[in-house]
Amino acid sequence: MSGSDLHLELTGSGGARVRLMRALREAVGSGRLAPGTRLPPYRALALDLGIARNTVAAAYAELVEEGWLTARQGSGTEVAHRAAPLEPDLWRAPARPSRPRVVHDLMPSSPDAAAFPRSAWAASARRALTAAPSDAFGVGDPRGRLEVRQALVDYLARTRGVRTTARHIVICSGYAHGLRLVCQVLRGPVAVESYGLAFHRSLLTEAGLSTVPLTVDAHGARVEDLPATDARAVLLTPAHQYPTGGALHPRRRAAVIDWARATGGLVLEDDYDGEFRYDREPVGAVQGLDPDRVVYFGSTSKSLSPSLRLGWMALPTRLVDDVLAAKGAREFWSGVTDQLTLADFIAGGAYDRQLRRMRAIYRRRRSLLTATLAERAPHITVSGIAAGLHAVLDLPAGTEEATLRAARRLGLALDGLGPYRHPDSAMPARDGLVIGYGTPAEHAFAAALDALCLALPDPGDTEVDEERPFRSMGAEAGVPGAGSTGAGAVRTPEST
């Protein structure tokens with residue numbers, strides 16, 4: 001095969017995409033295609049070469065990621081500007097393609113960093129530092145500053161129905177830190193949801209606690225199965241099951257409290273996404289049903305920023321001393337100035353205002369995500385969207401891994417559903433994607449959805465063609481997402 005306009009010869013081993021990439025690298029590296037040379041649209045080159053246009057699009061996209069080509073939305077694809085072509089005897093194709101950079105970050109569990117309320121936070125910091133007593137700058141209390149604990153007592157009672165006192169609140173550096181501390185005082189197996197973060201399960205196993213998976217459905221975890229286990233505690237995300245999305249049904253809320261009372265068990269409540277409910281008012285915390293049987297966890301990781309390293313636990317009376325002993329005699333984890341700032345931020349109403357603002361932003365993004373998929377990929381089922389910062393996209397069986405590879409070639413960072421499944425779960429495995437819509441900046445979100453739609457399998461697919469990671473979307477506009485700002489390395493999501 002040859003491309004007459006570019007004088008490309010697709011020779012050697014490999015599929016059409018591999019041979020086209022090799023030919024383009026040789027043409028650029030030898031100087032035959034000069035910097036700034038405009039390449040033909042992939043539809044035209046595909047026709048000339050007699051290959052699929054998606055194959056050309058995939059080759060262009062990968063060469064953009066490697067730095068051989070550049071592309072901008074609406075401006076086509078060009079040879080990248082290099083200082084000078086390499087001498088022919090020095091040029092050789094790279095042994096392997098470089099790791100794709102992240103153009104569109106759709107990883108779940110992260111808020112929009114650009115939306116952090118800098119001015120309001122700075123104003124609270126000034127007020128808090130001005131009013132702080134001198135002892136605030138001494139050795140930190142492992143419980144946390146009384147100011148922030150009291151502010152949390154009032155706020156959680158008003159918004160989440162949590163019943164606690166400042167004496168029962170312990171400040172931590174985030175959910176993971178709090179769970180580590182509680183793990184040190186737990187005994188016996190812990191029941192967990194069949195779909196959840198492997199990182200959280202690992203915290204339990206590292207503490208010597210085995211985990212028992214509970215089936216998850218549209219109404220949350222099937223806590224009615226707890227009596228058949230020998231679990232001494234159960235870890236739940238009742239406000240918005242992570243990642244599948246259902247809220248724990250009222251009957252199951254009552255049932256898990258009945259189980260804890262009858263067995264002396266403990267409920268570990270991760271109030272994940274409790275602040276971001278879109279279809280109705282947020283459902284209250286399970287902790288309010290029985291504060292003596294529930295450990296309640298919360299943090300600022302989604303509501304403000306994971307960089308603050310601020311979280312909290314509302315503990316049953318019997319656990320307070322043991323958890324404080326596990327934490328240590330001094331506060332090594334959460335800075336006092338941030339605690340004081342958060343106390344002012346909550347008490348002055350800025351926290352409520354920020355949450356209202358972000359609910360509106362995330363609701364718009366959720367609506368754009370569902371509308372775009374309904375229009376351009378109606379065969380893909382979307383679930384888990386009643387709350388939170390993510391959605392689950394169900395995929396045809398056998399397509400998850402190939403779809404993730406196609407997404408990476410498009411510069412998309414996102415999660416597959418497979419790693420969330422407990423390895424011992426009796427639930428059938430689901431193929432799917434976990435799409436976060438909190439991270440992208442407002443101006444970049446539509447382009448991220450364009451790239452997502454290109455990566456999805458076609459209707460009826462049982463596997464994704466490795467040579468065409470793009471879905472045909474109508475008129476060409478160059479390589480999707482090229483020219484956007486990279487987001488850095490792919491992150492491992494974690495409820496922090």
Side-chain angles (χ1 to χ4, degrees), residues 1-104 402 404-413 451 454-455 464-470 472 476-486 488-490:
M1 292 182 288
S2 67
S4 57
D5 291 341
L6 296 182
H7 305 288
L8 297 177
E9 293 290 337
L10 272 59
T11 59
S13 60
R17 176 178 58 84
V18 173
R19 287 179 286 148
L20 175 57
M21 289 173 61
R22 185 188 302 128
L24 286 169
R25 287 195 198 104
E26 290 172 352
V28 175
S30 66
R32 188 163 56 79
L33 288 180
T37 300
R38 180 80 172 269
L39 298 186
Y42 50 78
R43 186 194 307 269
L45 185 58
L47 185 62
D48 192 19
L49 294 173
I51 60 178
R53 64 175 182 173
N54 287 327
T55 300
V56 178
Y60 278 14
E62 201 155 335
L63 291 175
V64 166
E65 295 299 331
E66 292 179 10
W68 295 95
L69 307 178
T70 61
R72 292 184 182 278
Q73 192 82 2
S75 299
T77 305
E78 298 178 352
V79 176
H81 286 274
R82 309 162 71 86
L86 296 174
E87 294 297 324
D89 60 335
L90 296 178
W91 181 86
R92 64 178 182 274
R96 64 181 66 179
S98 61
R99 183 177 181 179
R101 68 187 177 95
V102 174
V103 179
H104 305 292
L404 289 171
R405 288 192 293 270
R408 284 193 292 270
R409 285 195 291 274
L410 286 160
L412 277 163
L454 292 172
V464 177
D465 187 340
E466 287 298 306
E467 289 195 355
R468 59 172 189 84
F470 296 88
S472 300
E476 284 178 40
V479 179
S484 299
T485 302
V490 175

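None of the values given here were measured: they were computed from a predicted structure. Only this structure's heavy atoms are used, side chains among them; waters, hydrogens and symmetry mates stay out.
- Here the closest non-hydrogen pair linking L45 and P40 is CB-CG, 4.0 Å.
- Rounding to the nearest 0.5 Å gives a distance of 9.5 Å between CG of L8 and CD of E26.
- Smallest separation of non-hydrogen atoms from L10 and R19: O-NH1, 3.5 Å.
- E62 places none of its side-chain heavy atoms less than 4.5 Å from the side chain of V18.
- What you find for A80 and G67 is that their closest heavy atoms are CB-O, 3.3 Å.
- Residues L24 and L33 meet the side-chain proximity criterion, which asks for heavy atoms closer than 4.5 Å.
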With side chain to side chain contact (heavy atoms under 4.5 Å, CB included) as the test, would you mind laying out the steps for V56 and I51 before giving the verdict?
CA-CA 8 Å; V56 178; I51 60 178; 3.7 Å; yes
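- Of all heavy-atom pairs between A59 and M21, the closest is CB-CG, 3.6 Å.
- Side-chain atoms of R25 never come within 3.5 Å of backbone atoms of L63 as a donor-acceptor pair (strictly under, hydrogens ignored).
- The two residues L412 and A455 have their closest heavy-atom pair at CD1-CB, 4.3 Å.
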Run the numbers on T37 and R32 for side chain to side chain contact (heavy atoms under 4.5 Å, CB included), then give the verdict.
CA-CA 10 Å; T37 300; R32 188 163 56 79; over 6 Å; no
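- Of all heavy-atom pairs spanning R53 and A46, the tightest one is CA-CB, 3.4 Å.
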